[in-house]
Amino acid sequence: MTIEIFDTKSGRKAPLVPLEAGHVRMYVCGITAYDYCHIGHARSALVFDMMVRYLRHRGYRVTYIRNFTDIDDKIINRAREQQTTPEELAERFIRMFHEDMERLGVAAPTLEPKATEHLPQIITLITQLIERGMAYQSGQDVFFRVDRFKDYGALSGRNLEEMQAGARIAINEAKENPLDFALWKGSKPGEPTWESPWGPGRPGWHIECSAMSREYLGDTFDIHGGGKDLVFPHHENEIAQSCGATGAAFANLWVHHGFVTIKDEKMSKSLGNFLTIRDVLARYEAETLRLFIFSTQYRNPVDFSEEAMAAAETGLRRLYACLAEIALLPETAGTDKPGLATQSEQKKIKGLAEQFQEAMDNDFNTAQALGLLFEAVKTMNRIRQALPRKPAASDLTLLRQGAESLRGLATILGLLGENPLCYTQRKQTDFLKEHGLDAATIEGLIEQRNAARVAKNWQQADALRDRLQKLGIEIQDSAGFTTWKVRM
RNA sequence: GGCGGCGUAGCCAAGUGGCUAAGGCAGCGGUCUGCAAAACCGUUAUUCACCGGUUCAACUCCGGUCGCCGCCUCCA
């Protein structure tokens, strides 16, 4: 079984065949560090984190590079606004990014190179492009000569003529062709500057990724990824630069994820409809966000809303509850009678891992994979619910193995990492703290209610329950005792 | 205007030539309970935006129509 991945360039799914057997080399475009990250960035990080985890689970060694753009116009402008240096600003937001990633439980990539730390490689690449006639100096700037690269437009499915006809870019006298793009920008006073054969200046936006992917992954590597909005011009330009300079193939597979939308519109700074990762994590757990993100296949847009997050939260609780209930099952069997799980139920639980793999092998279909997990939960709940007081060994084993399998698979998606019993406990404690309640008060009220119940004073008992409910406490009567939990 | 994507139950979301159209959320009926809650069981699309075509067979392929979104300018 091979893993199939949708490749933007060919427009279809292609089997993943790493250049080096068993070793996947992947480059992903990271953030430009000039502001707090929004949940679109979170989706990107989460999606690639999931891919890396899954590839490793499938036995691949993965070299995963995700860069930082730490020099560009936005950084310079923002630094000026904040009366700081571009270096300080970029560093600060890289730090914020790392904090966000840690809270999201996103594992660190193999390397996180920064543009400003790769000037020699960038300069080498530009020099090679000039030598090969693919780039030219104009004043203090260096531009890529777009019409010298015959495949220009192949990734994004356009051609030069169309683009020239519909160009919205202002004519720049310094360029031979309006679509030519900057590899090197001569510096203006007060801007960060590096020495180069073309005078003092700084790299253009696209060249850093060509230089850094080459540095760490070689001229040709397996997967290049990013958000859909990077297809053009960023990735198109990267291909032009890299192939133009090396003459070799660049990335074999191009992977692009869809956007996070709000009311079906792309989240963006200009529309002002974005939520930072911090905004969201102040309201929801990281794990809830993960479940929400993975409930849609990565290429499709995912619409953020309170309702969707609430649904994700309920779903997550359902998964944890299943594990918690199984963890509380008796250690030893009470009977040596045959179990009650049917053949098909057994098959469903035992075949979970295989089905999960099938879904994930198909272009990382996390939505389908999660569906399978929930289906297994349903099956296990059904068996558990029907268990007699003295359950059979085969049923207990099946449920424990099923739970273990469920947990293991969910871990690949970064879910269900917490002890299920602790999860509930923690949610409870958080809630109480937030609402200024404590367990003693609640238990006091429950005792009063139980006293009323013993006296069969149902009216008073119900009044007490209503009171608890208003505090956000749900109670559950079992034979002989009452448990309570917070309403989440 | 050019290019690309999407339209599946109340909402979200898989499936993508033939097996009962996954799963989640919400709703309803039931089991349980003094009543509840949780959990479970059952139920909610004879139908996949619409219209044609190909095929023994289409939600799935092809053509058209409508609607929504994205890229073409910095963007995950």
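Hydrogens, waters and symmetry mates play no part in the numbers below; they use all other heavy atoms, side chains included. Just so it is clear, the structure is predicted and the values come from calculations on it, not from any experiment.
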Considering just the side-chain nitrogens and oxygens of [X], establish if one lies under 4.0 Å of OP1 or OP2 belonging to [N].
X        : N      : answer
A:Asn381 : B:rA39 : no
A:Asn365 : B:rG15 : yes
A:Asn457 : B:rG34 : no
A:Arg384 : B:rA38 : no

Heavy atoms under 4.0 Å, any strand shown: does [X] hit a base, just sugar-phosphate, or nothing?
X        : value
A:Leu230 : sugar-phosphate
A:Ala367 : base
A:His256 : nothing
A:Gly11  : nothing
A:Thr296 : sugar-phosphate
A:Arg382 : sugar-phosphate
A:Gln297 : sugar-phosphate
A:Arg453 : base
A:Asp73  : nothing
A:Val28  : nothing
A:Gly371 : base

- Measure up the A:Phe181 and A:Tyr152 rings against each other and bin them: parallel (under 30°), tilted (30 to 60°), perpendicular (over 60°).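 If you compare the ring of A:Phe181 with that of A:Tyr152, the planes turn out parallel.
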- Message: Parallel, tilted or perpendicular, judged at 30° and 60°: which one describes the rings of A:Phe93 and A:Tyr36?
- Response: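 Ring orientation, 0 to 90° scale: perpendicular.
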- Go through A:His235 and A:His206 one step at a time and tell me if the side chain to side chain donor-acceptor pair (under 3.5 Å) criterion holds. CA-CA 8 Å; A:His235 288 162; A:His206 318 292; over 6 Å; no
Among [options], find the nucleotide with the atom closest to the side chain of [X].
X        : options                : value
A:Lys266 : B:rC25, B:rG70, B:rG34 : B:rG70
A:Pro233 : B:rA14, B:rC25, B:rC74 : B:rC74
A:Gln476 : B:rG24, B:rA38, B:rA76 : B:rA38
A:Asn362 : B:rG70, B:rC72, B:rG15 : B:rG15
A:Gln368 : B:rA26, B:rG15, B:rA76 : B:rG15
A:Arg449 : B:rA37, B:rC71, B:rC35 : B:rC35
A:His41  : B:rA76, B:rG15, B:rA13 : B:rA76
A:Glu375 : B:rA14, B:rG23, B:rG34 : B:rG23
A:Phe232 : B:rA76, B:rC72, B:rA36 : B:rC72
A:His38  : B:rA39, B:rA14, B:rA76 : B:rA76

- Taken to the nearest whole Å, CD1/A:Ile293 to P/B:rC12 is 16 Å
- Query: In whole angstrom, what separates A:Lys263's NZ from B:rC68's C1'?
  - Reply: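 Checked: the NZ to C1' distance equals 16 Å.
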- Message: Under the criterion of centre distance below 5.5 Å and interplanar angle below 30°, is A:Phe259 classified as stacked on the base of B:rG70?
- Response: no
- Task: Look at the side chain of A:Asp462 and the base of B:rG34, then say whether one donor and one acceptor between them are separated by less than 3.5 Å.
- Result: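 Checked by distance alone, the answer is yes.
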Distance, [atom1] atom - from [M] to [N], rounded to whole angstrom:
N      : M      : atom1 : result
B:rA45 : B:rA21 : P     : 11 Å
B:rA49 : B:rG5  : C1'   : 16 Å
B:rC50 : B:rG42 : C1'   : 34 Å

- Flag this pair as yes if the NZ/CZ of A:Arg318 is under 6.0 angstrom from the six-membered ring centre of A:Phe374 and inside a 45 degree cone about the axis; otherwise no. no
- Are A:Lys266 and A:Phe259 in a cation-pi setup, meaning NZ or CZ lies under 6.0 angstrom from the ring centre and within 45 degrees of the ring axis?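 Yes, a cation-pi geometry.
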- Item | Residue met sooner reading RNA chain B from 5', once A:Asp303 and A:Val377 are mapped to nucleotides | A:Asp303
- Could you say whether A:Ala310 or A:Ile475 is positioned toward the 5' end of RNA chain B, judged by the nucleotide with the nearest heavy atom to each? A:Ala310
- May I ask you to decide if A:Tyr298's main-chain N or O and A:Arg43's side chain share a donor-acceptor pair within less than 3.5 Å? yes
- Query: Is it the case that A:Asp279 and A:Thr276 place a side-chain donor and acceptor less than 3.5 Å from each other?
  - Reply: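 Side-chain D/A pair, A:Asp279 to A:Thr276: present.
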